[in-house]
Enquirer: 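Here it is: the structure, laid out below.
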2 protein chains.
Amino acid sequence: MKNTIKVERAKKDITQAGLAEQLGVSRQTINAIEKGKFVPSTALALKMARFFECKVEDIFLLEEED
Amino acid sequence: MKNTIKVERAKKDITQAGLAEQLGVSRQTINAIEKGKFVPSTALALKMARFFECKVEDIFLLEEED
DNA sequence: TCAAAAAGTAAAGAAAACTTTACATTTGTT
DNA sequence: AACAAATGTAAAGTTTTCTTTACTTTTTGA
């Protein structure tokens, strides 16, 4: 599962810590997701999409192995 | 978190077991999600949206408490 | 009505998401 | 170069997702 969080974050010019605060999670959680260490819950994915004003599908991309 | 799986399933005329098979999960998992016992992972939510030919946002609806 | 299919439920355990704490590395600015 | 902000990483622990097995209830259709 790939994601475009870093790019979306750049568009909004917000830091990992800033995004974490907006979404109500820890900075490490954002970092881990962004680095692909794990995939967020659907609730968090939906909140991210809402914050970035796009669809979940725009941020999280299914791959073969998913 | 509410979801519209039952309705989407009706549109496609597919059973819980059939959907489970299509998505590669157990029937009980589909049942539990449909009944709101838990929210699926983002990967499964994306697969559902793909199967139902809609957006994750169309199936899973954030609420206050999420 | 009677049988089969579908849906509901429960419990125990495995796997994945997420937190907290803490420290290291990189990047940007002066 | 030096300092601060941002990012990266790791480990231990909690919560949530999901599986398997198994049984009950509801719905459907011949």
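Note that this is a predicted model, so its numbers are computed, not measured. Computed from heavy atoms alone, side chains included, the values below leave out hydrogens, waters and symmetry copies. In what follows, chains carry the letters A, B, and so on, assigned in the order in which the sequence lines appear, proteins first and then strands, with residues in each chain numbered from 1.
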Enquirer: Between residues 46-66 of chain A and DNA chain C, which residues have a heavy-atom gap below 4.0 Å?
Expert: none

Enquirer: Rounded to the nearest Å, what distance is computed from the CG atom of residue B:L19 to the P atom of nucleotide D:dC18?
Expert: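 Answer to the nearest Å: 13 Å.
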
Enquirer: I'd like a table of atom pairs between the protein and nucleotides 11-15 of chain D - only N or O on both sides, under 3.5 Å - with the distance next to each one.
Expert:
none

Enquirer: If the cut-off is 4.0 Å, is A:N31 near the phosphate of D:dT7, judged by side-chain N/O to OP1 or OP2?
Expert: no

Enquirer: Side chains of residues 37-49 of chain B: which donor-acceptor pairs under 3.5 Å do they make with residues two or more places apart or in other chains?
Expert:
residue: B:S41; atom: OG; partner: B:L44; partner atom: N; Å: 3.2
residue: B:T42; atom: OG1; partner: A:P40; partner atom: O; Å: 2.7
residue: B:T42; atom: OG1; partner: A:S41; partner atom: O; Å: 3.2
residue: B:T42; atom: OG1; partner: A:T42; partner atom: N; Å: 3.4
residue: B:K47; atom: NZ; partner: A:D66; partner atom: O; Å: 2.2

Enquirer: Could you pull out the protein-nucleic contacts involving nucleotides 27-29 of chain C (nitrogen or oxygen on both sides, under 3.5 Å)?
Expert:
none

Enquirer: Look at the side chain of A:R9 and the backbone N and O of A:I14, then say whether any donor-acceptor pair between them is shorter than 3.5 Å.
Expert: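 Side chain of A:R9 to backbone of A:I14: a pair is present.
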
Enquirer: Could you give the CD1-to-P distance, from A:I30 to D:dG8, as a whole number of Å?
Expert: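 These atoms are roughly 12 Å apart.
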
Enquirer: Treat primed atoms plus P, OP1 and OP2 as sugar-phosphate and everything else as base, then score nucleotides 23-29 of chain D 5' to 3': B for base contact with protein heavy atoms under 4.0 Å, S for sugar-phosphate contact only, - for none.
Expert: -------

Enquirer: Of the options C:dG8, C:dA6, D:dA6, whose atoms approach the side-chain atoms of B:T15 most closely?
Expert: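 The answer is C:dA6.
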
Enquirer: If you assign B:A17 and A:S26 each to the DNA chain C nucleotide with the nearest heavy atom, which residue ends up on the more 5' nucleotide?
Expert: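 In this pair, the answer is B:A17.
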
Enquirer: Please tabulate, one pair per line, each protein N/O and nucleotide N/O from nucleotides 15-17 of chain C that are separated by under 3.5 Å, including the distance.
Expert:
residue: C:dA17; atom: OP1; partner: A:V39; partner atom: N; Å: 3.3
residue: C:dA17; atom: OP1; partner: A:V39; partner atom: O; Å: 3.2

Enquirer: Nearest 0.5 angstrom please: B:Q16 CD to B:K35 NZ, how far?
Expert: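 With rounding to 0.5 Å, CD (B:Q16) is 8.5 Å from NZ (B:K35).
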
Enquirer: Any idea which of D:dC18, D:dG8, C:dC18 is nearest the B:I33 side chain?
Expert: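 Looking only at side-chain atoms, B:I33 lies closest to D:dC18.
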
